[in-house]
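Presented below is the structure to which this report refers.
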2 protein chains.
Amino acid sequence: MGHTRWLNDEEKRAWTAFTTAHALLYRRIEQRAKRKFGLSGLQYEILARLSDAPNRELRMAELAGALVNSKSGLTYQIGQMEKAGLVRRRSCPSDDRAVFAVLTDEGMALLERAAPDHVELVRELLFDVLTPDQVRALADGLGEVSRRMAAGPGGTRAAADRTAGSGAGAGAGAGAEVTADLGT
Amino acid sequence: MGHTRWLNDEEKRAWTAFTTAHALLYRRIEQRAKRKFGLSGLQYEILARLSDAPNRELRMAELAGALVNSKSGLTYQIGQMEKAGLVRRRSCPSDDRAVFAVLTDEGMALLERAAPDHVELVRELLFDVLTPDQVRALADGLGEVSRRMAAGPGGTRAAADRTAGSGAGAGAGAGAEVTADLGT
DNA sequence: AGAGTGACGTTCGAATTTGAACAACATGGA
DNA sequence: TCCATGTTGTTCAAATTCGAACGTCACTCT
């Protein structure tokens, strides 16, 4: 516990750029999705996560972990989306505690309409601006950051798996269906 | 309006890494700050932004822009912090509409106690994991992303200035006082 | 079998955030 | 001077988020 290791100028730039870019980006994406499709940012992510999950369903805890959101928060949102018919709940036969959130056809249809808009915006605002090297740095660097945080305290194991894209798993669900690409 | 330019695998990795890392990081930072100092994430940022602003004060709109937050949200938080004695309001003599949020000595003292913890966490979770090249990529790439978004629609001009760290301005306030480094 | 431990999803109240509407003011030109 | 336009900060109701407490259940060890 020596003195604090303060950030140098470049680290400061990196930190503000990181937080500011995220805030700005997320704000735009959310506004667009809400205006054009009535979806909040979180709701879009839920649809996307479910769409490329095996069987288009995920357990609540897994979903909460992947989205880095509280359990209670997810319960609320799934409730809203269930009212809207985008998702339905299915209790797990093998484990009475578990509940699956299942993407309905209606939810899938909405996602398919919303996804092009979403992806186009992300590309335009982020990837069209970054160089290939910078994209790789993001993927590698922040990927590692996520993995470590998810592994350590406070993190949820699910978040790590999502990020890791580890080994054979990554390619498994990708490519077979249109579904696979709607995530991002 | 051609087909959607979907994301390739590396872009997908980058996107999830970006959002996940931010969510995980912010969550930890907020929990720590709240537990040890009773500060929410936004409140810490407010203190930090004010601390290295000329005169330790900023107009509400500027602050809201820099933090990428809504005006009403800032009004609320400044209200809370004013109750806590961390900040006070000062009306602008030259413009009756404008209101300055001013950092009090008490607020400054709290920031000085909280900053080491904050910075240490950011360093440990982020910068200790990234390579120097990756740090530069973050600063440059996401800096440019922020700048463009702030300039375009929906963005606030203040956010751009924050990010730009342009030219001589960056060094101006840095180094002279302890104050300058508490931001990040 | 039975107790202990931990995971799961929900509920609840409090805190926060959001967006639109608003009143007061500044600024520019007719 | 006076009006039109755009800003600034606040208010309000509704929506969302958070954390802790709960009830239910699975799993393990004895």
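Letters A, B, ... mirror the listed sequences (proteins, then strands); counts begin at 1.
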d(CE, B:Met81; P, C:dT16) in whole Å:
12 Å

Starting at the 5' end of DNA chain C, which residue's closest nucleotide do you reach first, B:Pro93 or B:Lys71?
B:Lys71

Tell me the interatomic distance from A:Glu30, atom CD, to D:dT17, atom C1', rounded to whole angstroms.
12 Å

To the nearest angstrom, how far is B:Leu42 atom CG from C:dT16 atom P?
10 Å

State whether B:Ser70 places a side-chain N or O below 4.0 Å from either non-bridging phosphate oxygen (OP1 or OP2) of C:dT18.
yes

Could you check whether any side-chain N or O of B:Arg89 sits under 3.5 Å from a backbone N or O of B:Val102, counting only pairs where one atom can act as donor and the other as acceptor?
no

Proximal nucleotide (of D:dC25, D:dT10, D:dT16) relative to the A:Gln80 side chain
D:dT16

Using a cut-off of 4.0 Å on non-hydrogen atoms, how would the nucleic acid contact of B:Gly73 be classed: base, sugar-phosphate, or nothing?
base

Pairing donors with acceptors under 3.5 angstrom, does anything connect the side chains of A:Gln80 and A:Gln43?
no

Of the listed nucleotides D:dT10, C:dC8, C:dC25, the one nearest the side chain of B:Thr75
D:dT10

How close or far is atom P of C:dC8 from atom CG of A:Leu74, stated in whole angstroms?
13 Å

In terms of the angle between their ring planes, are B:Trp15 and A:His118 parallel, tilted or perpendicular, with boundaries placed at 30° and 60°?
perpendicular

For B:Arg35, report the nucleic acid contact type (base, sugar-phosphate, nothing); a contact means any heavy atom under 4.0 Å.
nothing

Go through C:dG9, C:dG19, D:dG9 for me and flag the one nearest to the A:Arg27 side chain.
C:dG19

Closest contact, heavy atoms only, B:Pro116 versus A:Trp6
N-CH2, 4.4 Å

Bend angle of the helix from C:dA1-D:dT30 to C:dA30-D:dT1 from five-pair axes at both ends, rounded to 10°?
20°

So, the side chain of B:Gln31 versus the backbone of B:Arg28: is there a donor-acceptor pair under 3.5 Å, distance only?
no

Closest nucleotide of DNA chain D for A:Lys34 versus for A:Asp95: which of these residues is on the 5' side?
A:Lys34

For atom OH of A:Tyr76 and atom C1' of C:dT17, their distance in whole Å
12 Å

Salt bridge check: are B:Arg27 and B:Glu30 linked by an N-O gap of less than 4.0 Å?
no

Tell me the interatomic distance from A:Gln77, atom CD, to C:dG9, atom P, rounded to whole angstroms.
17 Å

Between D:dG9 atom P and B:Glu57 atom CD, what is the distance in whole Å?
12 Å

Salt bridge check: are A:Glu120 and B:Arg5 linked by an N-O gap of less than 4.0 Å?
yes

Separation of A:Lys83 atom NZ from D:dT16 atom P, in whole Å?
9 Å

Under the side-chain hydrogen bond (donor to acceptor under 3.5 Å, both in side chains) test, which residues partner B:Arg97, sequence neighbours left out?
B:Asp95

Side-chain contact check for A:Ala61: nearest option of D:dG9, C:dT17, C:dC8 is C:dC8

Is any side-chain N or O of B:Asn69 closer than 4.0 Å to OP1 or OP2 of C:dT16?
no

For a quick check, tell me whether the side chain of A:Arg97 and the base of D:dT24 share a donor-acceptor pair closer than 3.5 Å.
no

Quick check: any donor-acceptor pair below 3.5 Å linking the side-chain of B:Ser72 to the base of C:dG19?
yes

